[in-house]
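Notes follow once the structure below has been shown.
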Amino acid sequence: MTDRPQRLFLGSAGLGALPAWLASLPVTPRRAVLIPTAANPLPSARYVHTAAGLLKAEGLAVGQLDLERAAHQDVQRELGQAQVVFVAGGYAMFLLQHVRRSGFDRLAAPAVRDGALAYIGISAGAALAGPDQAITVIGARWQVQPSA
């Protein structure tokens, strides 16, 4: 581990502050990898395209990596070429399943901790950056319980 600061942008929906945050990074990023996996179970997720468009508008080349289909070596290759990873929102537990299966967690976490990779997490992507998914599980229970 190095003394380089971690670069995290965590949010629930809005991306208005993202351009200023990207500009604040110590090295101008050239490439981002967008992880849309949490949105896969949804019938529509236009916000994934919106996020890609915003990153492109800021001058980044954007690749997509769907962890549902990715092998460990795919994750390693994509993260190795990027300075920013953007993990989109959707179903947090679905995302977590594929993060663990693909090895994303074992590759991205040390790179973010060491300052080699900046991390953007929105909704489920922000929850993924936390110490555990307990609040997500509690939130899911709240959603399925009938109101009194």
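We count residues from 1, following the sequence as given.
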Run F104 and V85 through side chain to side chain contact (heavy atoms under 4.5 Å, CB included) and show every step you take. CA-CA 11 Å; F104 177 85; V85 61; 3.9 Å; yes

Could you grab the distance from atom [atom1] of [X] to atom [atom2] of [Y], nearest 0.5 Å is fine?
{"X": "N40", "Y": "D66", "atom1": "CG", "atom2": "CG", "result": "4.5 Å"}
{"X": "L95", "Y": "I35", "atom1": "CG", "atom2": "CD1", "result": "8.5 Å"}
{"X": "R30", "Y": "Q81", "atom1": "CZ", "atom2": "CD", "result": "10.5 Å"}

Is there a donor-acceptor contact under 3.5 Å from the side chain of R101 to the main chain of E68?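 Yes.
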
Say whether, by atom type as modelled, one donor and one acceptor occur between the side chain of Y119 and the main chain of G125 under 3.5 angstrom.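 Yes, the answer is positive, given that a donor and an acceptor are paired below the 3.5 Å cut-off.
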
Could you walk me through whether I120 and L55 satisfy the side chain to side chain contact (heavy atoms under 4.5 Å, CB included) test, starting with their C-alpha distance in whole Å, then the side-chain angles of each, then the deciding distance to 0.1 Å, before giving a yes or no? CA-CA 11 Å; I120 302 166; L55 293 168; 4.3 Å; yes

Sub-4.5 Å side-chain heavy-atom contact between Q64 and V48: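 SC-SC contact between Q64 and V48 confirmed.
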
Can you see which heavy atom on R69 is nearest to which on D74, and at what distance?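 Heavy atoms of R69 and D74 come nearest at O-OD2, 4.5 Å.
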
Check the pair L128 / D105 against side chain to side chain contact (heavy atoms under 4.5 Å, CB included), numbers first and verdict last. CA-CA 9 Å; L128 183 65; D105 54 343; over 6 Å; no

Full working for side chain to side chain contact (heavy atoms under 4.5 Å, CB included) between V84 and F9: CA-CA 10 Å; V84 174; F9 183 98; over 6 Å; no

Greater than 12 external heavy atoms within 6.0 Å of Y47's OH: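 Atom OH in Y47 is crowded, with more than 12 foreign heavy atoms closer than 6.0 Å.
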
